[in-house]
Amino acid sequence: MKKACIYIDGFNLYYGLRSRGWARYYWLDMENLARSFIDPGAEILARVKYFTSWVKGDRESQNRQMVFIKALEAHCPSLEIHYGRFLAKQRQCRKCGRVHDFYEEKKTDVNIACHMLTDAFHRKHDRVYIVSGDGDLVPAVNMMKKLDSHPRIVIANPPKRKSEELCRAADASFSIKEKNLRLSQLPDTVKSKKGVELTRPAQWTKRAGAS
C-alpha cells in the first residue's frame with residue numbers, strides 16, 4: 001500500500017467555498033475530506049496537514065474560526081494544524097482617498113512548501129495531494145520532482161481555485177466535487193477535549209446539500 005499525505009491550504013479552500021456561496025460546507029472534517037481523495041485499494045492515509053492563520057479584525061469571524069479549530073482538534077486526532085499569520089497593512093481608496101487598514105495572510109504557502117520538501121526529502125510518503133490553487137507552490141513542486149525518489153504529486157483544486165501552471169507541474173490534478181464536501185462535514189456538535197460542546201456556527205447551519 002502506498003502512503004499518502006494531504007496538504008490543505010486552508011484559506012485557499014475557504015475562499016473557493018465562499019466564491020461559490022457554499023458557507024454550508026465550511027464545517028469541514030479535514031480528515032474525511034482527505035480520505036475522499038485516496039484510492040482505498042492502493043493507498044493509506046498517512047498524514048493530513050492543515051495550514052491556516054488566525055483571522056484578525058472581525059470578532060465574530062475570530063470566534064467562528066476558534067470554534068472550528070477546536071472542533072477539528074477534538075474530532076480529527078491525526079490532523080496536524082500549522083499556522084501562518086495575518087500582517088496588518090494600509091491601503092488608500094482610489095476614489096475617496098481615505099486610508100484604511102486591511103490584513104494580508106502571510107507564510108502559508110512557504111509553510112506548505114517547507115513541509116512538502118522536508119517530507120519528500122525524508123521519503124515519508126509515496127503520494128502527495130495538495131489542496132490548493134496557489135501557483136506560488138509551483139517551485140516547491142518542481143523541486144520535489146528533482147529528488148531521486150519523489151512522491152507522486154496530485155493537485156486537488158478547491159472550487160473556483162485553479163492554477164493551470166500548478167496542475168501542469170504536478171503528475172495529476174482534479175477538482176474537488178461538491179459531493180466530497182457534502183460527505184465530509186463534522187457532526188453539528190463536537191465535544192472539545194475539555195468536554196465543552198462546540199456547535200456549528202449559526203451562519204453555517206444551512207444543511208449541507210440543501211438548495
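The residues of the chain are indexed from 1 along the displayed sequence. Given the structure is predicted, the values throughout are model-derived calculations rather than measurements.
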Check your understanding: Any idea how Trp27 and Phe68 line up, ring-wise: parallel (<30°), tilted (30 to 60°), or perpendicular (>60°)?
Key -> tilted
Check your understanding: Does Gln62 reach the main-chain N or O of Val55 with its side chain, forming a donor-acceptor pair under 3.5 Å?
Key -> yes
Check your understanding: Would a 4.5 Å heavy-atom cut-off, applied to side chains only, mark Leu17 and Pro159 as touching?
Key -> yes
Check your understanding: Do Thr108 and Phe51 have side-chain heavy atoms sitting under 4.5 Å apart?
Key -> yes
**Study point:** Distance (rounded to the nearest 0.5 Å) between Thr52 OG1 and Leu13 CG
**Key:** 10.0 Å
Practice item. Check the angle between the aromatic planes of Tyr25 and Trp22 and answer parallel, tilted or perpendicular using the 30° and 60° thresholds. Key: perpendicular
Practice item. Decide side chain to side chain contact (heavy atoms under 4.5 Å, CB included) for Asp148 and Arg123; before the verdict, give the C-alpha distance in whole Å, the side-chain angles of both, and the deciding distance to 0.1 Å. Key: CA-CA 10 Å; Asp148 290 337; Arg123 299 184 180 182; 4.2 Å; yes
Review point. Any side-chain heavy atom of Arg47 within less than 4.5 Å of one from Lys124?
Key: yes
**Study point:** Student check: side-chain heavy atoms of Leu72 and Leu186 closer than 4.5 Å
**Key:** yes
Exercise for review: Just do the side chain to side chain contact (heavy atoms under 4.5 Å, CB included) check on Glu60 and Gln203 with the steps written out, would you?
Suggested key: CA-CA 10 Å; Glu60 289 187 2; Gln203 292 86 345; 4.1 Å; yes
Point to revise | Connected via hydrophobic side-chain network under 4.5 Å: Val48 and Phe174 | key: yes
Review point. Looking at residues at least two apart in the chain, or sitting in another chain, which of them share a side-chain hydrogen bond (donor to acceptor under 3.5 Å, both in side chains) with Tyr50?
Key: none
Review point. Under 6.0 Å from the six-membered ring centre of Trp204 and within 45° of its axis: does the NZ or CZ of Arg200 meet both?
Key: no
**Study point:** N/O donor-acceptor pair under 3.5 Å between Asp171 side chain and Ile153 backbone
**Key:** yes
Would you mind writing out the side-chain donor-acceptor pairs for residues 30-42 within the sub-3.5 Å range, not counting sequence neighbours?
unit_1 : atom_1 : unit_2 : atom_2 : d
Glu31  : OE1    : Arg35  : NH2    : 3.4
Glu31  : OE2    : Ser78  : N      : 2.8
Glu31  : OE2    : Leu79  : N      : 3.0
Asn32  : OD1    : Arg35  : NH1    : 3.0
Asn32  : ND2    : Asp29  : OD2    : 3.2
Ser36  : OG     : Leu33  : O      : 2.6
Ser36  : OG     : Asn180 : ND2    : 3.0
Asp39  : OD1    : Gly41  : N      : 3.0

Practice item. Drop me the distance from Arg59's CZ to Ser61's OG, to the nearest 0.5 angstrom. Key: 11.0 Å
**Study point:** Heavy atoms of other groups near Phe121 CZ, more than 12 under 6.0 Å
**Key:** no
Check your understanding: Any side-chain heavy atom of Arg20 sitting closer than 4.5 Å to one from Lys160?
Key -> yes
Revision key, fill the gap. Scanning both residues in full, the closest heavy-atom pair of Leu198 with Ser192 reads CD1-CB, 3.7 Å
Review point. Judged by modelled atom types alone, do Tyr129 and Glu43 share a side-chain donor-acceptor pair under 3.5 Å?
Key: yes
Review point. Between atom CD1 of Ile130 and atom CD1 of Ile112, what is the distance when rounded to the nearest 0.5 Å?
Key: 8.0 Å
Check your understanding: What's the spacing between Met116 CE and Met143 CE if we round to 0.5 Å?
Key -> 11.0 Å
Study note, to complete from the structure: dist Thr118:OG1 -> Met144:CE (nearest 0.5 Å) comes out at 10.5 Å
Check your understanding: Any side-chain donor paired with an acceptor under 3.5 Å for Asp119 and Tyr7?
Key -> yes
Review point. Counting only N and O atoms by type, is there a donor-acceptor contact under 3.5 Å from the side chain of Lys145 to the main-chain atoms of Ala169?
Key: yes
Point to revise | Partner residues of His125 under the ring pair (Phe, Tyr, Trp, His ring centres under 6.0 Å) criterion, sequence neighbours left out | key: none
Review point. Honestly curious: do Leu181 and Leu45 fall in one hydrophobic cluster under the side-chain, below-4.5 Å linking rule?
Key: yes
Review point. Got a donor-acceptor contact below 3.5 angstrom from the Arg161 side chain to the Tyr14 backbone?
Key: no
Point to revise | From CD (Glu178) to CD1 (Ile176), nearest 0.5 Å | key: 12.5 Å
**Study point:** Worked verdict on Glu73 versus Lys193 for salt bridge (charged side-chain N to carboxylate O under 4.0 Å, His left out)
**Key:** CA-CA 8 Å; Glu73 290 173 341; Lys193 295 179 180 179; 5.4 Å; no
Review point. Taking C-beta and beyond as the side chain, do Ser173 and Val154 meet within less than 4.5 Å on heavy atoms?
Key: no
Review point. Is a side-chain donor or acceptor of Ser19 paired with a backbone partner of Gly16 at a separation under 3.5 angstrom?
Key: yes
Exercise for review: Please check if the side chain of Asn12 supplies one atom and the backbone of Ser132 the other of a donor-acceptor pair under 3.5 Å.
Suggested key: no
**Study point:** Heavy-atom closest pair, residues Ile155 and Ala170
**Key:** CG1-CB, 3.5 Å
Check your understanding: CE of Met66: more than 12 outside heavy atoms within 6.0 angstrom?
Key -> no
Practice item. Please tell me if the side chains of Val131 and Ile6 come closer than 4.5 Å, counting only heavy atoms from C-beta onward. Key: yes
Check your understanding: Nearest heavy-atom pair of Ala113 and Leu137: which atoms, and what distance?
Key -> N-CD2, 4.3 Å
**Study point:** Verify same cluster id: Ile81, Trp54 (apolar side-chain graph, 4.5 Å)
**Key:** yes
Review point. With a 4.5 Å heavy-atom cut-off, do Leu28 and Gln185 have their side chains touching?
Key: yes
Review point. Do Asp134 and Ser163 pass the side chain to side chain contact (heavy atoms under 4.5 Å, CB included) test, and can you show the C-alpha distance, the side-chain angles, and the key distance before you say yes or no?
Key: CA-CA 6 Å; Asp134 188 348; Ser163 165; over 6 Å; no
